[in-house]
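Here the structure is laid out as structure tokens; the discussion comes afterwards.
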Amino acid sequence: MHSRNPFYILVVLLFIVGIGASIYRGVEHNVPFLPGKQVQSWAVEAKVSFQGTGEPAEVSFSLPQDPAYQVLVENASSPGYGLTINHNDNDRRAVWSIRQALGTQDLYYKVTLVPTGSTQIPATQTPTAPEAYSWPATEQAAAEQVIADVWAHSASNLSFAQQLMASITEPKRSQNVELLLASQTPTQLFLHMLHNKGIPAHKVSGLYLEDQRRRQPLSPFVEVFHDGQWILFDLVKGKQGRPQNLLLWERAGHSVLDVMGGVNSQVNFAMLQDTRSALATSIDMMMNNNALDFSLYQLPLEEQSLFKGILLIPIGVLMVVFLRVMIGIKTSGTFMPVLIALAFIQTSLLTGLIGFLLIVSCGLVIRSYLSHLNLLLISRISAVIIVVIGIIGVFTLLSYKFGLSEGLTITFFPMIILAWTIERMSILWEEEGPREVMLQGGGSLMVATLAYLAMSASWVQHWVFNFLGIHLVILALVLLMGQYTGYRLLELKCFKSLAGA
């Protein structure tokens, strides 16, 4: 007797691979596990303005590159200007250029962003030690005294930065700090003192995202390197950490806006919060990252629609196997209920049931007449097919005449399958009697209805199309049920008398 161990190993592997692939797709590509999920997105518009001097102008503007936000769509509006987007390791910049700029010039950049949920700012590599800041002679002694006092009360780079921010932003500052703040902003003073102790830090510019706000400026922050992460410090508010509504716009330590050939340059921002489908967002993100190579979403829309129906068939097959093997329901044809369930999805359940009963009933009446003609099987089946098409045509016309739009969907029924069903039921009627016909016909409708309910569920349709690994799990379940050789649930009634005794 052959060992079943290889079979069970195969089933377990199918389970693991199918579930693992589905979880990977949901976590790695942010595909929602439930349909209808919504995510918040931000539309941010930057307006760059300057006065042209009549000379060639070149405008370099920093673009957002924040790990906490994913760029979905970005575009620029600059009539008459050439536009180039430069990508560097830690900096993205839009460069507008024109031969002559005279008078007021307005350039626009718009971007749609979606939060990624990543609030930390990891460092791609260990930064080099910064150059020490050279203090003016009048400030050197005061700066050294402040640094020495803070250093004595700290134990690490992070605690030094925390103590330093407190000494700069507290209401009752020392005289040395007041002297230094007379010529520098708190952010500049904080950054220079960190550099004097060799602590990697740089200035960043961030934008607070607030719905329906206009003419918003960028706010200054300082990123301090600690234990492989960049820690954010806000010297204006005296707080450490990243606010939830903050978008880091420029992180390379460069200027946000550089204008050559113009004066009085400025940039301000407008923003709007919106809600969009999480699934559509994940598709856009995968498209931007070129991650659709083996996805059904790279197919044309017509083929996608076709596959959405095809991929429901394994669900119907699973229902048929379970109901026949485990429950013991008899059906007319093995997988005829699956095809009928697919037709129900197009027609709706009630319309489909009425249409199925009408077609089969009329077909059985006509088939009973054909049985008296002693036709060959191929001719008899061909005649039944033609009759079924005629019946469907008549019912469709009558539905149209009476204004019953639901009846027009009856054309979705599989005509060949209906013809074979009528033929099988007619033979069964002659051999086993009407009771067996009602039993198998009713079982077929019950299985088709249950398969329809499973296949029409929105979360099932979402899973089978977006998580293809689910089909491996279905295959494993079908194989597992194929090994079942025990009693079916409906067969247990044979032992009812024994149980009573």
Side-chain angles (χ1 to χ4, degrees), residues 60 62-69 86-93 116 118-136 139-170 173 176-177 180-181 183-208 218-244 246-258:
S60 178
S62 176
L63 303 183
Q65 196 168 5
D66 188 345
Y69 292 88
N86 298 327
H87 296 264
N88 297 323
D89 293 337
N90 298 317
D91 192 20
R92 296 172 60 245
R93 301 189 74 86
T116 62
S118 176
T119 57
Q120 295 184 341
I121 312 173
T124 56
Q125 59 184 2
T126 303
T128 58
E131 296 182 2
Y133 176 71
S134 297
W135 300 96
E139 300 178 357
Q140 184 171 359
E144 292 177 351
Q145 182 63 44
V146 173
I147 293 174
D149 292 342
V150 175
W151 186 261
H153 293 85
S154 64
S156 64
N157 291 348
L158 180 59
S159 61
F160 175 78
Q162 294 169 340
Q163 295 296 325
L164 182 60
M165 181 179 67
S167 65
I168 295 175
T169 58
E170 63 182 358
R173 293 185 286 258
N176 289 331
V177 174
L180 296 171
L181 288 175
S183 59
Q184 302 183 61
T185 64
T187 301
Q188 292 173 336
L189 179 60
F190 181 73
L191 190 61
H192 292 158
M193 288 186 169
L194 290 173
H195 287 176
N196 273 101
K197 298 303 294 184
I199 299 176
H202 57 261
K203 181 182 176 181
V204 299
S205 298
L207 179 67
Y208 284 103
L218 293 175
S219 301
F221 297 84
V222 174
E223 284 184 350
V224 179
F225 179 76
H226 174 73
D227 196 19
Q229 301 283 335
W230 289 105
I231 310 300
L232 207 63
F233 287 85
D234 183 358
L235 273 296
V236 176
K237 298 182 179 180
K239 295 182 179 180
Q240 173 192 337
R242 179 186 185 130
Q244 290 184 348
L246 179 66
L247 167 65
L248 297 180
W249 194 273
E250 205 289 318
R251 297 186 55 238
H254 303 152
S255 59
V256 175
L257 178 63
D258 292 324

Legend entry - side chain to side chain contact (heavy atoms under 4.5 Å, CB included) evaluation trace for F221 with R251: CA-CA 10 Å; F221 297 84; R251 297 186 55 238; over 6 Å; no
Please check this pair: side chain of [X] against backbone of [Y], looking for a donor-acceptor N/O pair closer than 3.5 Å.
X    : Y    : result
E139 : P136 : no
W135 : A141 : no
S154 : A161 : no
S205 : P220 : no

Legend entry - Q229 atom CD, neighbour heavy-atom count above 12 within 6.0 Å: yes
Inset, instruction - State which residue, out of F190, W230, F225, fulfils the ring pair (Phe, Tyr, Trp, His ring centres under 6.0 Å) condition with H202. - result: W230
What I'd like to find out is whether the side chain of [X] reaches to under 4.5 Å of the side chain of [Y], using heavy atoms alone.
X    : Y    : answer
L180 : H192 : no
E170 : V177 : no
V204 : L232 : yes
P67  : T116 : no

Inset, instruction - Apply the side chain to side chain contact (heavy atoms under 4.5 Å, CB included) test between L194 and each candidate in V224, L189, N157; give the one that qualifies. - result: V224
Test of understanding: with side-chain hydrogen bond (donor to acceptor under 3.5 Å, both in side chains), list the residues that count as partners of [X], not counting sequence neighbours.
X    : answer
D66  : R242
D234 : Y208
Q145 : D149

Inset, instruction - Decide side chain to side chain contact (heavy atoms under 4.5 Å, CB included) for R93 and D258; before the verdict, give the C-alpha distance in whole Å, the side-chain angles of both, and the deciding distance to 0.1 Å. - result: CA-CA 10 Å; R93 301 189 74 86; D258 292 324; 3.8 Å; yes
Inset, instruction - Looking only at non-hydrogen atoms, find the nearest pair between L164 and S167 and report the distance. - result: O-OG, 2.7 Å
Inset, instruction - Measure up the F160 and W151 rings against each other and bin them: parallel (under 30°), tilted (30 to 60°), perpendicular (over 60°). - result: perpendicular
